[in-house]
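The next block holds one structure in the form of structure tokens; read it before the comments.
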Amino acid sequence: MSVRDNLTIIRENIEAACTRAGRDPADIRIVAVTKYVSVERAKEAVAAGITDLGENRDDGLLHKYETLGSEVTWHFIGTLQSRKVKNIIDKVDYIHSLDRLSLAQEIEKRATKRVKCFVQVNVSGEATKHGVSKEEVIPFIQQLRDFSKIEVVGLMTMAPYTDDEALLRRCFRQLKILQESVQALHIPNAPCTELSMGMSNDYVIAIEEGATFIRLGTSLVGHES
């Protein structure tokens, strides 16, 4: 299917989920995850109306940036090694994987403008997942108070890959509660109004539980490599 056709189905699903949750579909931002597709497929997504592209490797982002550049808003969504920050920091608008102080320090050192960051939280507690623990979220964000180049716009998580709807809802709900707790602290550089959660297999549930950014790869642009 074309990206445009996929996007039509996704938008219908978003609208239905928002209706059930009493939300406005306009509050949901779709990030097309293009790490497994070509530049041509990414361009097809942009032509279909997608304005946000996400990559999880610096080389993949740089390759597509050469062609699409500032046409779109760029999201770095994968684990970011501190030594790779310098490669992408002046090209990305959002980093979805801030999970340690050493990374924050490197962003602060290298950035020429304030970067919108999501703190990655390992809500499920899985050993294979990156992110700070639920208990560490607020202390970690408080450590970032004096970082002038970092704006903590929200929290991000990756839910377990499962068909267990109750488990997924619990995971997303816990992140929503954490987000509201941070927001209530009124930390100047941590408005924490956003939730990056939900992928191709679980975005509908994520929206029903409060997601504002959803990261869609397979269901939107497919998988070419």
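Side chains included, hydrogens not; waters and symmetry mates left out as well; all remaining heavy atoms used.
Considering CG of L195 and CD of E180, their distance stands at 8.0 Å, rounded to 0.5 Å. Here D99 contributes atom CG and H130 contributes atom NE2; the two are 7.5 Å apart, rounded to the nearest 0.5 Å. Rounding to the nearest 0.5 Å places CD1 of I28 at 12.5 Å from CZ of R11.
With sequence neighbours left out, the side chain to side chain donor-acceptor pair (under 3.5 Å) criterion links Q174 to K134. Among residues two or more places apart in sequence or in another chain, the salt bridge (Lys or Arg N to Asp or Glu O under 4.0 Å) test is passed with K84 by D58. Residues passing the ring pair (Phe, Tyr, Trp, His ring centres under 6.0 Å) test with F118 are H96, F213, sequence neighbours excluded. A search for side chain to side chain donor-acceptor pair (under 3.5 Å) contacts involving E15 returns nothing, not counting sequence neighbours. For F147, there are no ring pair (Phe, Tyr, Trp, His ring centres under 6.0 Å) partners, not counting sequence neighbours. By the salt bridge (Lys or Arg N to Asp or Glu O under 4.0 Å) test, K86 pairs with no residue at all, sequence neighbours left out. Here F76 pairs with nothing under the ring pair (Phe, Tyr, Trp, His ring centres under 6.0 Å) rule; sequence neighbours left out. Partners of D59 according to the salt bridge (Lys or Arg N to Asp or Glu O under 4.0 Å) rule, which considers only residues two or more places apart in sequence or in another chain, are R57. In this view, R100 satisfies the salt bridge (Lys or Arg N to Asp or Glu O under 4.0 Å) rule with no residue, not counting sequence neighbours.
Contact annotation: the side chain of L175 approaches that of V121 to within less than 4.5 Å [non-hydrogen atoms, C-beta and beyond]. At least one side-chain heavy atom of F172 sits less than 4.5 Å from a side-chain heavy atom of D202. Using a 4.5 Å heavy-atom cutoff, the side chains of S97 and I95 are in contact.
When ring centroids are compared, W74 and Y94 stay outside the 6.0 Å threshold.
With hydrogens and angles disregarded, no donor-acceptor distance shorter than 3.5 Å links the side chain of R215 to the backbone of V33. The backbone N or O of I77 sits nowhere less than 3.5 Å from a side-chain atom of E55 that would complete a donor-acceptor pair. R4 places a side-chain N or O within donor-acceptor distance of the main-chain N or O of A47, the cut-off being under 3.5 Å. Side chain of D164 to main chain of L167: a donor-acceptor pair is present (N/O by atom type, distance under 3.5 Å, no hydrogens or angles). With N6 contributing its side chain and L220 its backbone, the two residues share a donor-acceptor pair below 3.5 Å.
Within the structure, side-chain hydrogen bond (donor to acceptor under 3.5 Å, both in side chains) contacts touching residues 186-195 (residues at least two apart or in different chains) are E194-T212. The list of salt bridge (Lys or Arg N to Asp or Glu O under 4.0 Å) pairs with a residue in residues 146-156, not counting sequence neighbours, is empty.
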Would you tabulate the side-chain donor-acceptor contacts of residues 20-27 under 3.5 Å, counting partners in other chains and residues two or more places apart, or write 'none'?
| from | atom 1 | to | atom 2 | distance (Å) |
| --- | --- | --- | --- | --- |
| R20 | NE | E208 | OE2 | 2.6 |
| R20 | NH2 | E208 | OE2 | 2.8 |
| R23 | NH1 | I207 | O | 2.8 |
| R23 | NH1 | A211 | O | 2.8 |
| R23 | NH2 | A211 | O | 3.0 |
| D24 | OD1 | A26 | N | 2.9 |

- Would M197 and M199 count as a side-chain contact (heavy atoms from CB on, under 4.5 Å) if you check the C-alpha gap in whole Å, the side-chain angles of each, and the deciding distance to 0.1 Å? CA-CA 7 Å; M197 60 187 194; M199 299 190 291; over 6 Å; no
- Where do V119 and I141 land on the side-chain contact (heavy atoms from CB on, under 4.5 Å) test, with the steps shown first? CA-CA 8 Å; V119 169; I141 291 174; 3.9 Å; yes
- Task: Dump the intermediate steps for side chain to side chain donor-acceptor pair (under 3.5 Å) on S2 and E44, then the final yes or no.
- Result: CA-CA 8 Å; S2 69; E44 187 186 336; 4.7 Å; no
- Query: After noting the C-alpha distance and the side-chain angles of R29 and T73, does the key distance pass the side-chain contact (heavy atoms from CB on, under 4.5 Å) rule?
  - Reply: CA-CA 11 Å; R29 195 157 170 177; T73 298; 3.7 Å; yes
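At most 12 heavy atoms of other shown residues, nucleotides or ligands fall within 6.0 angstrom of atom NZ in K43.
Note: the hydrophobic cluster containing V39 does not contain V37 (ILVMFWY, side chain heavy atoms under 4.5 Å, direct or indirect links).
A pairwise comparison of heavy atoms in P191 and V153 identifies CG-CA, 4.5 Å as the closest pair. Smallest separation of non-hydrogen atoms from I138 and S181: CD1-CB, 4.1 Å.
Between D93 and K116 no salt bridge is recorded (no basic side-chain N to carboxylate O distance below 4.0 Å). A salt bridge links E209 to R169: at least one charged side-chain nitrogen sits closer than 4.0 Å to a carboxylate oxygen.
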